[in-house]
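The block underneath contains the structure these notes are about, expressed in structure tokens.
The first residue of the sequence shown is numbered 1, and numbering continues consecutively from there. All values below come from the heavy atoms of this structure, side chains included, with hydrogens, waters and symmetry mates left out. Remember, it's 1-based here, ligands and their atoms both numbered in the order they're listed.
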Amino acid sequence: MTIEHHPDEATLAAHAAGVLDLGQRVALATHLRGCPRCREWARAMEGLGGEIVDNCSPASMPDDALDRTLARLDEPAPARLLRPVEAADAPRELPDFVRRYAFGGWRFVAPRVKMRPIHLPAPGPTRVFLLKSAPNSRLLQHAHTALEMTCVLRGGFSHEGGHYGPGDFDLGDETVMHEPHVDDGEDCICLVAMQGDLRLKGFWGLIARPFVRL
Ligand SMILES: [Zn+2]
């Protein structure tokens with residue numbers, strides 16, 4: 001697996017600083033799992049952050065802070081974390097930590113495109129789902145109203161930014177207009193972390209807008 005497309009440094013730094021929401025962290029961690037280069041970069045950033053913390057002046061905490069933290073160790077885990085998706089029912093490329101979440105069923109998005117929601121234990125502004133597109137399918141030209149992170153698990157696609165295969169990471173936002181074309185030969189399965197909505201373009205986009213559900 002040769003990874004050609006990585007998260008940019010600002011996104012990796014945001015991940016290392018812990019300012020991404022849970023859905024975005026799931027996407028970043030999925031990429032980091034398969035990318036030694038980004039793992040090394042993230043470790044360096046975390047080390048730098050640790051040095052900054054070491055050099056900060058200590059702040060006082062409530063007297064019971066340690067007791068309250070230790071008490072949380074006895075709390076039961078959220079139920080959703082205890083119902084992993086059946087291994088045979090999930091793409092083999094999906095990291096184990098993602099399999100621990102609860103999954104919805106496959107839903108129609110557009111002709112030859114389906115999605116399967118992944119239910120995070122703490123819902124936030126980012127939705128996470130698997131997106132499966134049939135070989136040689138083409139999505140309508142679109143942009144996003146907010147950030148969209150895509151991790152390719154299987155197969156591949158191309159758009160104006162190049163070709164994306166297994167392990168690659170794609171970041172879309174309101175400034176990026178693209179029209180992905182799925183490779184021939186096999187389904188393309190991606191893990192997607194998405195805020196906001198799609199903005200479909202052109203005549204066919206206007207026609208399809210009521211039928212595209214993501
Ligand atoms: Zn990378």
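The nearest N, O or S atom of H5 is not closer to the Zn ion (ligand 1) than 2.8 Å.
H6 contributes ND1 as its N, O or S atom closest to the Zn ion (ligand 1).
Hydrophobic clustering (ILVMFWY, side-chain heavy atoms < 4.5 Å, transitive): L20 and L12 are in one cluster.
In this structure, H31 and D168 approach most closely via the heavy-atom pair ND1-C, 4.4 Å. Closest approach of P91 to R99, counting heavy atoms only: O-NH2, 2.9 Å.
For E186, the CD atom counts as densely surrounded, since its 6.0 Å shell holds more than 12 non-hydrogen atoms of other residues, nucleotides or ligands.
With the Zn ion (ligand 1) at the apex, C35 SG and C38 SG define an angle of roughly 110° (rounded to 10 degrees).
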